[in-house]
Trainee: 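Can you read through this structure? Questions will come right after.
Every chain is numbered from 1 and lettered A, B, ... according to where its sequence line falls, protein lines coming before strand lines. Values below: every heavy atom of this structure, side chains too, minus hydrogens, waters and symmetry copies.
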Amino acid sequence: MNALPVRVRFAPSPTGFLHIGGVRTALFNYLYARQHQGKFLLRIEDTDTDRSEQRFTDDILSSLKWLGMGADEPILYQSKRLPIYQASAEDLITRGLAYRCTCTEAEVEAAREQMIKDGKKPMYARTCREKNLPAGNRPYAIRAKFPLTGVTSFRDLIRGEISFPNEDLDDFVMIRSNGVPTYNFVVVVDDIEMKISHVIRGDDHINNTPKQIFLYEALKAHKPIFAHLPMILGQDKKKLSKRNGETSTNAYREQGYLPEALLNFLVRLGWSHGDQELFTMEEMIGLFNLENVQVSGAVFNTEKLLWIAGEHLRRADPTRLIQIIKEDFSKSFSAASFSALDTTYALSLIPHLQPKVKLLPELAGQLDPLLDPGVRAVDASSLKWNRDESIKAKIKEAILSIKGEFQAKLSGSSSEILASCGVDHAVVDSVFRATCERFGLKLGELTQPLRLFITGHPSASIGLFDLLPLMPWKTVSERIEACLKA
RNA sequence: GUCCCCAUCGUCUAGAGGCCUAGGACAUUGCCUUUUCACGGCAGUAACCGGGGUUCGACUCCCCGUGGGGACGCCA
């Protein structure tokens, strides 16, 4: 349909850590680019020299990398292009589309307050508009000479026609008196420079759009297609911010969300494809469309995010999970457990844990006592067998019998894991049930203490019958011994 | 205050005039399953902001009201 090559961009300003709302904006841009075989570009909007910091740029870039959304072309830094903006603004002055302004902040502010009193939209009083101040009069700001009459309108891909009476629009500052350009100006200069075809951004920018359209015309450039995304809201229905939710992307990484889970959650905030809730990146790219983007804001629902996290975790490749855990969650492990992460034993445990946990730290916490080669200290005080000494003795007898039975299965083998001697969940199950019958015990009576000691965890997620075949027998038998001494 | 945008279950949403006694998901409630923790299965509670039009017919279209949000910086 559109012959123009799709070129979109994500343009964060490095005045804070990558905002989760920014991630969704980036995602929609990214998906749109991928789907249309276009380019996804990155621009760092660091014209606010007071608030921009290198560490925030680093954070934004590393977070985007974590999410798998890298730029297709070199990143543009606005701070490196200052002379270009200045020259462009001066050119606009000579063409009568901008003017120099020597008003002080105090003067501008006073006029603004007066306008609020008069029930008008507060804006610059256009004091210097017709003064034709010369270039020598430093310091001066450069303001856009916005038309006083008429209407500026555009067709938003998501919302349709939006229009603004020009009289409500401000002669906004393009270049500050310190020579540094402002957002509304650089956005346009750079979007032209970068040949951006579609501007997909938050709807808090709707009000900026007419100003930017004026600039496109002033700079004799084709304006891009605009698509304004609904805001992400906090529980209080206000724009998501530090005040009403966790906004920094790396906080979610630290909490152990998989990047694809975060992206899946974010894509469903404002966009849908029928009843489908779960998407892989490939599906998102294939199915995404701006037409199905919602127009109203969406509350950031942490519970649903957690559910999606679990769904993605269980679908993830175990080898990859171990890799991520090693990189990001080493703190959850004892030294011995951590080094055991590279064993096939660790790998064999993961599939049994995946359906039962939602976040990476949970997985790490479950893994740690299972990988630990030694005996784990556990609190046996709440075990039911404490209520009756004679049953306790009988249970221990049964446990000893079970231990012997498994030991026998290993005797002819050089392996020290039961699984390689043909013991699987079903075999363990039948051994346990037969033993119970022989000793007149209930299955639960037998498994409860064993479970506690062998998993080494008061609320282990893995099934005992799944664990026994996999765990090195040395560890199993040591832990059974500890159980018998309890 | 002015301008702009928006309005379906608690939340994310489906719905493009009859398919709607409004569907799905998360959360929640109950039951089932169960060696544990989960997962899972089944069932339940729960919504079209209000008022006018248009139409044979409106959740869907129009207008008004109300409510909510956003923007009004020499921040981005």
Side-chain angles (χ1 to χ4, degrees), chain A residues 11-16 45-48 50-52 101 103-105 108-109 112 115-124 139-143 156 159 162-165 167-170 172-184 186-187 202-210 228 230-231 233 235 237-239 265 268-278 291-292 294-308 310 314 353-358 366 428-429 432-433 436 442-448 450-452 455 457-465:
Chain A
S13 69
T15 54
E45 310 227 320
D46 51 359
T47 55
D48 185 344
D50 292 339
R51 295 199 301 149
S52 295
C101 168
C103 293
T104 65
E105 272 187 69
V108 172
E109 188 52 39
R112 199 174 272 129
M115 287 175 149
I116 293 177
K117 272 186 197 161
D118 296 345
K120 295 194 67 185
K121 183 176 175 169
M123 51 200 284
Y124 175 59
Y140 58 82
I142 299 177
R143 288 182 178 274
D156 188 280
R159 290 155 207 274
I162 300 177
S163 53
F164 298 82
E167 58 182 330
D168 292 330
L169 271 2
D170 209 351
F172 60 95
V173 170
M174 293 162 36
I175 306 280
R176 300 177 177 91
S177 45
N178 66 4
V180 180
T182 65
Y183 166 76
N184 277 119
V186 290
V187 163
D203 71 14
D204 47 346
H205 284 293
I206 288 181
N207 293 279
N208 287 324
T209 308
H228 288 96
M231 293 281 87
L233 277 21
Q235 294 296 339
K237 300 259 191 179
K238 292 188 195 305
K239 187 166 148 182
F265 172 68
R268 286 288 290 105
L269 242 38
W271 175 78
S272 59
H273 177 71
D275 289 339
Q276 188 170 349
E277 298 287 353
L278 268 12
E291 292 72 40
N292 284 353
Q294 191 82 8
V295 280
S296 50
V299 174
F300 192 93
N301 182 342
T302 317
E303 281 132 5
K304 189 154 185 176
L305 169 59
L306 191 59
W307 172 74
I308 289 180
R314 57 167 64 187
L353 261 10
Q354 272 175 298
K356 320 205 174 190
V357 297
K358 291 179 160 67
Q366 289 289 333
V428 176
D429 186 277
F432 269 71
R433 285 181 200 280
C436 277
K442 288 186 213 153
L443 197 52
E445 291 175 312
L446 186 52
T447 54
Q448 199 207 7
L450 267 182
R451 193 182 152 66
L452 175 64
T455 63
H457 196 293
S459 56
S461 291
I462 192 167
L464 180 61
F465 297 176

Trainee: Would you kindly give the NZ-to-P distance between A/K239 and B/G68, to the nearest whole Å?
Mentor: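 In whole Å, B/G68 P and A/K239 NZ are 19 Å from each other.
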Trainee: All N/O contacts under 3.5 Å from nucleotides 58-65 of chain B to the protein, with atom names and distances to one decimal?
Mentor:
none

Trainee: When only distance counts, do a donor and an acceptor, one from the side chain of A/S177 and one from the base of B/C74, lie under 3.5 Å apart?
Mentor: yes
Trainee: For A/K239, which residues count as a side-chain hydrogen bond (donor to acceptor under 3.5 Å, both in side chains) partner, sequence neighbours excluded?
Mentor: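 Listed in chain order: A/D204.
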Trainee: side-chain hydrogen bond (donor to acceptor under 3.5 Å, both in side chains) with A/T447: which residues, sequence neighbours excluded?
Mentor: none
Trainee: Under 3.5 Å between N/O atoms: give me all the protein pairs with nucleotides 5-12 of chain B, atom names plus distance.
Mentor:
from, atom 1, to, atom 2, distance (Å)
B/C5, O2', A/R159, NH1, 2.6
B/U11, OP1, A/K237, NZ, 3.0
B/U11, O2', A/N301, ND2, 3.3
B/C12, OP1, A/V299, N, 2.9
B/C12, O2', A/R268, O, 2.8
B/C12, O2, A/K304, NZ, 3.2

Trainee: Which atoms of nucleotides 40-42 of chain B (N or O only) lie under 3.5 Å from a protein N or O atom, and what are those distances?
Mentor:
none

Trainee: Got a sec, which residues hit salt bridge (Lys or Arg N to Asp or Glu O under 4.0 Å) with A/R314, two or more places apart in sequence or on another chain?
Mentor: none
Trainee: A/E445: what forms a salt bridge (Lys or Arg N to Asp or Glu O under 4.0 Å) with it, not counting sequence neighbours?
Mentor: none
Trainee: By side-chain hydrogen bond (donor to acceptor under 3.5 Å, both in side chains), which residues pair with A/S52, not counting sequence neighbours?
Mentor: none
Trainee: Tell me, please, which residues at least two apart from A/F300 pass ring-ring contact (aromatic ring centres under 6.0 Å, His included).
Mentor: A/Y252, A/F265
Trainee: If the condition is salt bridge (Lys or Arg N to Asp or Glu O under 4.0 Å), which residues does A/D156 pass it with, not counting sequence neighbours?
Mentor: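 None.
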Trainee: Which residues pass the salt bridge (Lys or Arg N to Asp or Glu O under 4.0 Å) test with A/R268, sequence neighbours left out?
Mentor: A/E277
Trainee: Run the side-chain hydrogen bond (donor to acceptor under 3.5 Å, both in side chains) test against A/D118 and tell me which residues pass, sequence neighbours left out.
Mentor: A/Q114
